[in-house]
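The figures that follow rest on heavy atoms only: side chains count, while hydrogens, waters and symmetry mates do not. This one's a predicted model, so the numbers in the text were calculated from it and none came from an experiment.
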Amino acid sequence: MVNITFPDGIQKSYEKPPTGLEVAQGISEGLARNCVAMEVNGQRVDLNTPIDEDADLRLITTRDPEALEIMRHTAAHVMAQAILRLYKNARLTIGPVVEDGFYYDIDMAPISEDDFPRIEAEMKKIVSEKTPIRRREVSKVEAKQFYLTEPYKLEMVSDLPDGTISFYEQGEFTDLCRGPHVPHTGFVRAFKLLKTSGAYWRADQNREQLQRIYGTAFFDKKDLKQYLHFLEEAKKRNHRKLGEALDLFSFHDEAPGMPFFHARGMVVWNAILDYWREEHRNAGYVETKTPIILRKELWEQSGHWENYRENMYFTDIDEAEYAVKPMNCPGGMLIYGSTRHSYRELPIRAAEIGLVHRHELSGVLSGLFRVRAFHQDDAHIFMTQEMIETEIVDVLRLVERMYATFGLGFHLELSTRPEKSIGTDEAWEMATDGLRAGLDAYGMAYQINEGDGAFYGPKIDVHIKDALNRTWQCGTIQLDMSLPDRFDLGYIGPDNEKHRPVMIHRTVLGSIERFLGILIEHFAGKFPLWLAPVQVALLPINDDLAPYAEEVNAKFRAAGLRTAVDSRTESLNRKVREAQLANVPLILTIGAKEKEAGTLAVRTLDGKVTHGLTREAFLNRVFDHATHRRLELAIFP
RNA sequence: GCCGACGUAGCUCAGCCGGUAGAGCAGCUGAUUCGUAAUCAGCAGGCCAGCGGUUCGAAUCCGCUCGUCGGCUCCA
């Protein structure tokens with residue numbers, strides 16, 4: 001007799017231990033058809049596992065979010081099976097589920113996307129066979145025996161704890177796997193292979209280069225179609241394309257990974273920084289600036305020579321060695337150390353929009369997202385131990401306020417001590433506790449990344465999610481326990497003794513370049529009024545009206561708007577089209593009517609046209625919208 | 001750096017198995033003077049990323065270099 005309790009509290013008794021499938025069938029055929037796995041007493045297991053004792057049971061159907069994960073793992077197996085059929089010498093390694101699908105790392109000859117149709121066809125065959133999937137449990141010794149000729153799997157088995165090891169079988173295919181899996185391969189209804197790349201075994205550059213093949217799978221063909229459509233849409237937002245089309249910036253072979261900002265790009269840049277300065281002034285920051293090239297000895301003193309050398313650029317000047325700064329901190333230390341400080345001055349919040357250069361590997365460069373030269377909106381906060389918590393909360397509030405202005409969401413992560421690091425265990429513990437206290441006081445849930453901290457201290461990372469659903473680390477708050485010591489920084493306390501200040505190192509936007517790239521994709525190139533390179537386009541309807549348009553333009557310009565007159569002898573339709581494609585938020589058509597009545601006709605980027613506005617009403621509305629940094633494209637509701 | 005794909009006019013792209021380059025848009029010139037997403041016509045524009053090789057002949061085939069893009073974090 002087995003008693004089963006369902007999530008809604010209802011209980012059912014069974015004569016002999018039923019499998020999940022039998023339980024589902026007892027409820028309805030439709031339910032049984034859509035069940036992929038189940039949770040028995042909180043444990044996820046296969047549907048065909050017999051439930052041999054009283055248990056809480058939750059059936060997982062294709063409608064549950066975790067069902068997708070389970071099925072995608074099966075999809076990875078189906079792909080692996082197809083590849084083994086087609087490529088005799090392929091050796092499997094790992095094949096996990098990732099955010100939008102799955103991948104499998106396989107040791108095989110390099111393949112390209114041209115090979116996908118063949119593999120997909122074979123996968124389709126396997127899916128249509130609806131091969132049952134069975135779990136088999138063996139001892140570690142047996143597992144090793146089984147994998148005698150599979151070096152990767154053997155290595156994986158060896159790393160597993162002693163005890164039972166599970167295999168999953170579907171037809172001729174067997175794979176080492178924790179499971180659970182869907183009942184048969186037919187559940188992998190809609191799938192597509194997406195891309196291929198190289199990957200190292202165990203992510204180690206010194207080990208074998210494997211082929212990683214990415215794919216995705218859904219229960220419904222419609223969902224797959226929708227996802228592929230999303231990828232297309234995301235592609236259209238690509239900031240490299242938009243940046244070039246909107247004449248914001250460019251890249252040149254003469255300086256790989258180092259962006260050139262055009263006049264329009266600089267307008268957006270400056271609008272961002274105007275806002276940044278306003279917020280930082282209000283938050284009690286001062287602004288500083290340090291040199292870009294500094295002597296090598298400084299970097300030895302700071303620890304960068306030892307820990308960051310491979311990412312730095314060097315140069316010789318007058319027989320002395322210099323380094324191009326990859327970070328602003330050492331320069332900031334010199335400023336702090338150049339005068340005496342009293343405890344009464346603390347905290348000192350010294351910001352710097354610092355231009356740094358980092359030698360990133362050529363293969364990782366990616367538009368504005370990953371560059372070799374960029375500006376950090378850096379700041380160093382010097383304070384006493386007691387101030388840590390409130391200062392961190394203040395930085396987090398500043399981050400929240402600024403991201404909200406751009407309409408961006410974020411999440412927080414705490415990174416702890418990495419292997420390659422400097423400082424004592426006690427110092428690391430103290431610093432990590434300090435960050436944790438700040439995070440707890442701020443009150444937002446956060447994730448912990450063990451071993452992901454900077455070499456000089458633990459950090460809080462702020463991650464933005466972009467239009468492609470990728471998360472980007474933008475803001476960061478790092479407690480630095482090393483530099484104040486290395487530079488022997490001090491302040492005079494109330495006891496008239498010298499004390500060591502605590503320092504945090506923080507950014508809000510992170511890299512201005514990357515942040516701008518994220519904004520371009522976020523807004524799909526349609527910047528809100530306050531950021532737009534050109535805010536107002538004036539389009540005289542014919543040549544006779546051009547002087548009047550210039551007159552209006554002069555007034556707007558004097559009022560502080562960024563304007564452009566299009567007085568070419570072109571059709572109005574063309575001018576409107578071009579202004580619209582250039583994403584100008586306010587398109588004014590100037591005709592005889594406007595001239596006579598002294599009014600304006602405005603087209604906004606939502607496609608709406610408002611006629612008969614007085615100049616005053618227009619300017620009031622526009623300035624209100626811009627000074628409050630509103631994000632809506634519909635400016636005249 | 002490593003794996004794969006790619007590099008043809010300012011942009012988007014065509015150019016099959018090698019016979020010395022083509023379209024649209026943009027640009028320039030002229031005509032058109034126009035009410036909310038492309039007026040018409042003409043002209044001009046290229047060392048086919050660079051270097052080397054194969055060949056009677058290379059944008060096309062091969063090699064190297066440079067650059068761009070997708071990955072190289074997700075651990076049965």
Taking atom [atom1] in both [N] and [M], what distance in whole Å separates the two?
N       : M       : atom1 : answer
rC66(B) : rA23(B) : C1'   : 29 Å
rG24(B) : rU8(B)  : C1'   : 15 Å
rC56(B) : rC40(B) : C1'   : 48 Å
rA5(B)  : rU65(B) : P     : 16 Å
rC61(B) : rG7(B)  : P     : 10 Å
rU60(B) : rU54(B) : P     : 15 Å

query = Within 45° of the ring axis of Phe173(A) and under 6.0 Å from its six-membered ring centre, is that where the NZ or CZ of Arg85(A) lies?
reply =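 No, Arg85(A) does not sit over the ring of Phe173(A).
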task = Taking the six-membered ring of Tyr103(A) (Phe, Tyr or Trp), confirm whether the NZ or CZ of Arg212(A) is under 6.0 Å from its centre and within 45° of its axis.
result =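 So Arg212(A) does make the cation-pi contact.
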Heavy atoms under 4.0 Å, any strand shown: does [X] hit a base, just sugar-phosphate, or nothing?
X         : answer
Ile165(A) : base
Gly607(A) : nothing
His611(A) : base
Lys608(A) : nothing
Gly451(A) : nothing
Thr93(A)  : nothing
Glu310(A) : nothing
Val157(A) : nothing
Ala579(A) : nothing
Ala592(A) : base

Choosing from [options], which nucleotide comes nearest the side chain of [X]?
X         : options                   : value
Ile94(A)  : rG27(B), rC75(B), rC34(B) : rC75(B)
Glu570(A) : rU36(B), rU73(B), rU39(B) : rU39(B)
Leu572(A) : rC11(B), rU36(B), rG27(B) : rU36(B)
Arg577(A) : rA38(B), rU68(B), rG70(B) : rA38(B)
Tyr214(A) : rC74(B), rC34(B), rA76(B) : rC74(B)
Asn573(A) : rU68(B), rU33(B), rU36(B) : rU36(B)
Leu361(A) : rU68(B), rG1(B), rG71(B)  : rG1(B)
Arg603(A) : rC34(B), rA37(B), rG1(B)  : rA37(B)
Gln209(A) : rG27(B), rC74(B), rC2(B)  : rC2(B)
Ile541(A) : rA37(B), rC11(B), rC34(B) : rC34(B)

Nucleotide paired to [N] in any strand shown, Watson-Crick or G-U, under 3.5 Å:
N       : result
rG70(B) : rC3(B)
rG63(B) : rC51(B)
rA37(B) : none
rG22(B) : rC13(B)
rC43(B) : rG27(B)

May I have the distance from [X] (atom [atom1]) to [N] (atom [atom2]), rounded to whole angstrom?
X         : N       : atom1 : atom2 : value
Asp253(A) : rG67(B) : CG    : P     : 7 Å
Arg240(A) : rG7(B)  : CZ    : C1'   : 16 Å
Leu581(A) : rU36(B) : CG    : P     : 17 Å
Asp544(A) : rG35(B) : CG    : P     : 14 Å
Tyr152(A) : rC75(B) : OH    : P     : 19 Å
Arg72(A)  : rA76(B) : CZ    : C1'   : 19 Å
Leu586(A) : rU36(B) : CG    : P     : 19 Å
Lys595(A) : rC34(B) : NZ    : C1'   : 17 Å

Taking atom types as modelled and ignoring hydrogens, do the side chains of [X] and [Y] form a donor-acceptor contact shorter than 3.5 angstrom?
X         : Y         : answer
Tyr313(A) : His357(A) : no
Glu122(A) : Gln81(A)  : no
Glu521(A) : His239(A) : yes
Gln478(A) : Tyr456(A) : yes
Ser139(A) : Glu142(A) : yes
Thr569(A) : Asp543(A) : yes

Check the phosphate of [N] against [X], side-chain N and O only, distance under 4.0 Å to OP1 or OP2. Yes or no?
X         : N       : value
Lys195(A) : rG70(B) : no
Lys575(A) : rG35(B) : no
Ser362(A) : rG1(B)  : yes
Ser366(A) : rG70(B) : yes

query = If you measure from the Lys or Arg side-chain nitrogens to the Asp or Glu carboxylate oxygens, is any gap between Arg134(A) and Asp46(A) under 4.0 Å?
reply =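 Salt bridge: no.
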ask   = Any chance CD of Gln226(A) has more than 12 other-residue heavy atoms, nucleotides or ligands included, within less than 6.0 Å?
value =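 No.
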ask   = Should the heavy atoms of other residues, nucleotides or ligands under 6.0 Å from NZ of Lys526(A) be counted, would the total exceed 12?
value =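 Atom NZ in Lys526(A) is not crowded, with 12 or fewer foreign heavy atoms closer than 6.0 Å.
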Any N/O donor-acceptor pair, [X] side-chain to [N] base, under 3.5 Å:
X         : N       : result
Asp543(A) : rU33(B) : yes
Glu360(A) : rG1(B)  : no
Thr589(A) : rU36(B) : yes
Tyr200(A) : rG1(B)  : yes

Per-nucleotide protein contact string for nucleotides 41-50 of chain B (B base, S sugar-phosphate only, - none; heavy atom under 4.0 Å) = ----------
request  = Mind telling me if rC40(B) is syn or anti? Syn here is a glycosidic angle within 90° of 0.
outcome  =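 The base of rC40(B) is oriented anti (glycosidic angle more than 90° from 0).
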query = Could you go step by step and tell me if Thr131(A) and Gln170(A) meet the side chain to side chain donor-acceptor pair (under 3.5 Å) rule?
reply = CA-CA 6 Å; Thr131(A) 317; Gln170(A) 55 199 46; over 6 Å; no
